[in-house]
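Written out below as structure tokens is the structure these notes cover.
Basis for what follows: all heavy atoms, side chains included, without hydrogens, waters or symmetry-related copies. To find a chain, count down the sequence lines: A is the first, B the second, and so on, and within it residues start at 1.
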Number of protein chains: 2
Amino acid sequence: MKNNNINNLLKSNGFSVTKPRVQIIKILQNSNSPIGIDAIINKTDGKIAISSAYRIIADLLDADLINAFQSPENKLLVELIQNNTKHHHHLYCQSCKKVLDIDIDEKLEKNIDSLIRKISKQNNIEITNHSFELFGKCNDKSHE
Amino acid sequence: MKNNNINNLLKSNGFSVTKPRVQIIKILQNSNSPIGIDAIINKTDGKIAISSAYRIIADLLDADLINAFQSPENKLLVELIQNNTKHHHHLYCQSCKKVLDIDIDEKLEKNIDSLIRKISKQNNIEITNHSFELFGKCNDKSHE
DNA sequence: ATAATATTGAGAATGATTCTCAATATTATT
DNA sequence: AATAATATTGAGAATCATTCTCAATATTAT
């Protein structure tokens, strides 16, 4: 994405165009899997303050431009919501700490939806969200 | 459960019998939903040090006597694994912060298992665990 | 170009969890 | 039951991710 498009993205969501915001969006665009705050900051040559990074991420989250969630190691992970981003889930590798996006097939997704409706009724609770996460170990033994 | 049974549980898992360990197991037995460290400590009249509580929970976890996981507010929640405990999932209420255990029906559980096998193959990753968590809002408006 | 406003960076503050180690309790031995 | 050997505890310091504060700086509107 060109800078102009990032500018438009920011402006159309009520943000002023600042270097840190543009940088962070670029980094998220170039990442093909969810990424942590520390990694984001590393990719900016340390030019963005940690507090600014957190603040910007929080703002982008409020504007629904990104997804954010906690890794099993309890760090915030972040991914940009692209035009074609649909509801999906994550696979955490406990050896190499990478996170993969996974899709689940439509049939299962529907099953899950109907389960959710059932639980919602049974417990008289409005269910607003759900997560389905997988944990595994890849064959990269270098981390053991 | 009587004290004797708790003593046996501890001994048969290689633990010596100490007051803090017995207390914590009792508290977990009397809790019908996952409970946080702070709540555990509160129920002991503040007699157990925070560091001891964390240590004991970690030990019980190693011995597979309890399940532990993070709440959406990023606190450790803990529940005892009873004889009849089977694989289940959790529903977090974002208003009242309670956690409910939920069962999912066998058919869906099987679907999930087969999805997991598929993803495992596709990504050449051994999948060791998964979580399926629901988030909702109950009708208790006192927290808003 | 200037003024008004918003954002940033640096570091202090916070909150959960982990670590350290001397004091104390438990277990094994007599 | 008393003692010695070993394990556990409590208190507080340390750590780690995240949030807060506020003066310095950048952006936007005029």
Side-chain angles (χ1 to χ4, degrees), chain A residues 3-4 6-27 34-63 65-66 68-78 92 97 99, chain B residues 3-4 6-27 34-63 65-66 68-78 92 97 99:
Chain A
N3 259 7
N4 259 349
I6 295 182
N7 292 2
N8 290 338
L9 181 71
L10 285 171
K11 283 180 189 162
S12 64
N13 283 279
F15 293 109
S16 57
V17 176
T18 67
K19 269 179 224 157
R21 295 210 262 240
V22 172
Q23 272 196 87
I24 286 180
I25 290 178
K26 265 191 193 166
I27 289 163
I35 182 177
I37 294 281
D38 47 350
I40 291 174
I41 289 172
N42 284 342
K43 300 204 179 199
T44 62
D45 314 322
K47 292 201 197 89
I48 298 183
I50 294 181
S51 52
S52 302
Y54 275 104
R55 198 176 339 96
I56 290 168
I57 291 300
D59 291 343
L60 296 176
L61 200 55
D62 280 346
L65 296 177
I66 60 176
F69 49 91
Q70 299 289 127
S71 78
E73 288 80 30
N74 251 359
K75 288 192 191 172
L76 191 67
L77 294 181
V78 157
Y92 299 91
K97 311 296 181 201
V99 186
Chain B
N3 259 9
N4 259 348
I6 294 182
N7 292 2
N8 290 338
L9 181 70
L10 284 171
K11 284 182 188 162
S12 63
N13 282 279
F15 293 110
S16 57
V17 176
T18 67
K19 269 179 224 157
R21 294 210 262 241
V22 172
Q23 274 197 85
I24 286 180
I25 290 178
K26 265 192 193 163
I27 290 163
I35 182 178
I37 294 281
D38 47 350
I40 291 174
I41 289 172
N42 283 343
K43 299 204 178 197
T44 62
D45 313 320
K47 291 201 198 91
I48 297 182
I50 294 182
S51 52
S52 302
Y54 275 105
R55 200 178 336 98
I56 289 170
I57 291 299
D59 292 343
L60 296 176
L61 199 55
D62 280 346
L65 297 176
I66 60 175
F69 49 90
Q70 300 289 127
S71 78
E73 287 80 30
N74 251 359
K75 288 193 192 172
L76 191 67
L77 294 180
V78 157
Y92 300 90
K97 311 296 182 201
V99 186

Please assess L60(A) against I25(A) for the test side-chain contact (heavy atoms from CB on, under 4.5 Å), listing each intermediate value before the final yes or no.
-> CA-CA 9 Å; L60(A) 296 176; I25(A) 290 178; 4.2 Å; yes
Between V78(A) and L61(A), does a side-chain contact (heavy atoms from CB on, under 4.5 Å) hold up when you go through it step by step?
-> CA-CA 9 Å; V78(A) 157; L61(A) 200 55; over 6 Å; no
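Note that the CG atom of N74(B) and the CG atom of N74(A) stand 4.5 Å from one another [nearest 0.5 Å]. Note that CD1 of I37(B) is 10.0 Å distant from CD1 of I48(B), once rounded to the nearest 0.5 Å. From I57(A), atom CD1 reaches atom CD1 of I24(A) across 5.0 Å, with rounding to the nearest 0.5 Å. Between atom CD1 of residue I66(B) and atom CG of residue L77(B) there is a gap of 11.0 Å, rounded to the nearest 0.5 Å. Between atom CD1 of residue I56(B) and atom CD1 of residue I40(B) there is a gap of 9.5 Å, rounded to the nearest 0.5 Å. In this structure, the separation between CG on L65(A) and CG on N13(A) is 4.5 Å, given to the nearest 0.5 Å.
Partners of K19(B) by salt bridge (charged side-chain N to carboxylate O under 4.0 Å, His left out), not counting sequence neighbours: none found. With sequence neighbours left out, the ring pair (Phe, Tyr, Trp, His ring centres under 6.0 Å) criterion links F15(A) to no other residue. Residues meeting the side chain to side chain contact (heavy atoms under 4.5 Å, CB included) test with A39(B), sequence neighbours left out: I35(B). Partners of K75(A) under the side chain to side chain contact (heavy atoms under 4.5 Å, CB included) rule, at least two apart in sequence or in another chain, are D38(A), S71(A). Under the rule for a side chain to side chain donor-acceptor pair (under 3.5 Å), S51(B) has no partner lying at least two apart in sequence or in another chain.
By the 4.5 Å heavy-atom criterion applied to side chains, K47(B) and P20(B) are not counted as neighbours. In this structure, the side chains of Q70(B) and Q70(A) stay at 4.5 Å or more apart for every pair of heavy atoms.
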For DNA chain D, what string of dots and brackets results from 5' to 3' when Watson-Crick and G-U pairs need both distances under 3.5 Å, crossing pairs get [ ], and pairs with another strand get |?
-> ||||||||||||||||||||||||||||||
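Where K19(B) and N74(B) each meet DNA chain C at their nearest nucleotide, the meeting point lying more 5' is that of N74(B).
For the segment residues 50-59 of chain A, the set of residues with a heavy atom within less than 4.0 Å of an atom of DNA chain C comprises S51(A), S52(A), R55(A), I56(A), in numerical order. A heavy atom lying under 4.0 Å from DNA chain D marks none of the residues of residues 35-43 of chain A.
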Report all interatomic pairs (protein N or O, nucleotide N or O of nucleotides 27-30 of chain C) with separations under 3.5 Å.
unit_1, atom_1, unit_2, atom_2, d
dT27(C), OP1, V17(B), N, 2.8

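Running 5' to 3' along DNA chain D, contacts with non-hydrogen atoms of chain B at under 4.0 Å begin and end at dT8(D) to dG12(D).
Atom CD of Q70(B) and atom P of dA16(C) are 11 Å apart (whole Å).
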